[in-house]
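Model, not experiment: these values are computed from the prediction. Every number for a ligand or one of its atoms is a count from 1 in the order of the listing.
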Amino acid sequence: MSKDKILVIGASGQIGSVLMQALSKAYGLNNVIATDIREGLHDDLFFEKLNVLDAPRLAEIVEKHAITQIYHLAAILSAKGEEAPLKTWNINMPGLFNVLEVAREKGVAKIFFPSSIAAFGDDIPRQNTPQNAVLKPTTVYGISKVAGELWLQYYYRKYGLDVRSVRFPGIVGYQSEPGGGTTDYAVEIYHKAVLGSTYNCFLAADTRLPMIYMEDAIRGTLELMEAPASALTVRTSYNLAGMSFTPKEAAASIRKHIPDFEIKYEPDARQKIAASWPESIDDHIAREDWGWRPKFDLEAMTQDMIVHLQENYAVLQ
Ligand code: AKB
């Protein structure tokens with residue numbers, strides 16, 4: 001059994017709820033503590049209510065459980081962030097500072113902080129966007145991710161804090177629902193298809209974006225966290241690729257299983273955000289440094305999503 005004690009902040013969110021299960025399996029149920037601002041989604045024994053902006057409460061939890069690793073997932077995403085830019089900054093940045101500071105002060109060994117393809121913006125090659133492309137994001141969420149990446153590197157260089165990060169593409173999974181992102185359509189489309197409804201897509205048919213299946217995203221996160229520190233050459237955030245597709249291609253892939261599926265396109269403000277992001281990602285440094293390989297392409301993901309969502313909805317009937 002591992003000696004690590006892991007704290008997940010934002011454990012009830014899209015990634016957090018699935019990561020909790022994977023971490024509990026890998027490190028033992030007693031060794032993973034869920035925290036979230038929302039109560040009721042996790043076993044009380046291993047749950048602590050936490051607003052990450054409350055630094056003394058965070059310190060109390062870290063001390064109480066002798067935490068050795070923190071996964072800090074709580075943030076406001078791209079589309080929701082644009083509705084309240086300063087509020088988004090005032091949650092995303094102080095939340096990260098509280099985590100970095102508590103880690104430094106209490107000797108937490110490792111931190112995981114997700115960055116995003118939202119860190120990219122103007123003046124990038126949109127195909128195979130390289131690791132070191134210029135970072136000029138157009139959303140407050142993206143700005144907070146770029147600033148966050150640089151602060152991770154700062155704490156690593158100045159204090160030796162072992163911080164690790166990936167730039168996640170849109171994450172697609174059947175286990176949980178996203179909220180407030182620009183890539184959320186790629187989850188919604190499968191729910192509507194399985195329910196037999198027409199999907200009104202908020203992005204245009206040919207909007208190509210990088211995406212990753214949840215199973216790959218979780219495995220990649222654990223692999224990065226388990227990699228030897230000496231192998232890691234990026235202490236801002238690693239580019240990470242799974243697949244890239246458009247809403248039209250997703251619909252075509254779904255129709256191979258659900259031939260009657262219909263989609264309509266009604267692009268809204270999220271279209272502009274999507275147009276500022278890469279279409280595909282060059283992740284060769286993650287592949288070289290810690291052996292990253294995605295397993296799911298669009299067709300494999302569609303098949304798995306449909307099977308699992310059909311099961312989930314059948315249980316609810
Ligand atoms: C979003 O759409 O905001 C997120 C992301 C790509 O970081 N899913």
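- For residues 181-210, the pairs satisfying ring-ring contact (aromatic ring centres under 6.0 Å, His included) are His191-Tyr313, with sequence neighbours left out.
- Phe113 has its ring centre no less than 6.0 Å from the ring centre of Trp151.
- Between Arg57 and Glu60, at least one side-chain nitrogen of the basic residue sits less than 4.0 Å from a carboxylate oxygen of the acidic one, meeting the salt-bridge criterion.
- Ligand 1 lies under 4.0 Å from heavy atoms of Leu77, Ser78, Ser116, Ile117, Tyr141, Gly181, Thr182, Thr183, Trp277.
- Residues meeting the side chain to side chain donor-acceptor pair (under 3.5 Å) test with Glu279, sequence neighbours left out: Gln127.
- Judged as a side chain to side chain contact (heavy atoms under 4.5 Å, CB included), and not counting sequence neighbours, the contacts of Ile143 are Trp89, Pro137.
- Comment: Asp283 does not engage Arg293 in a salt bridge, judged by the lack of any side-chain N to carboxylate O separation of less than 4.0 angstrom.
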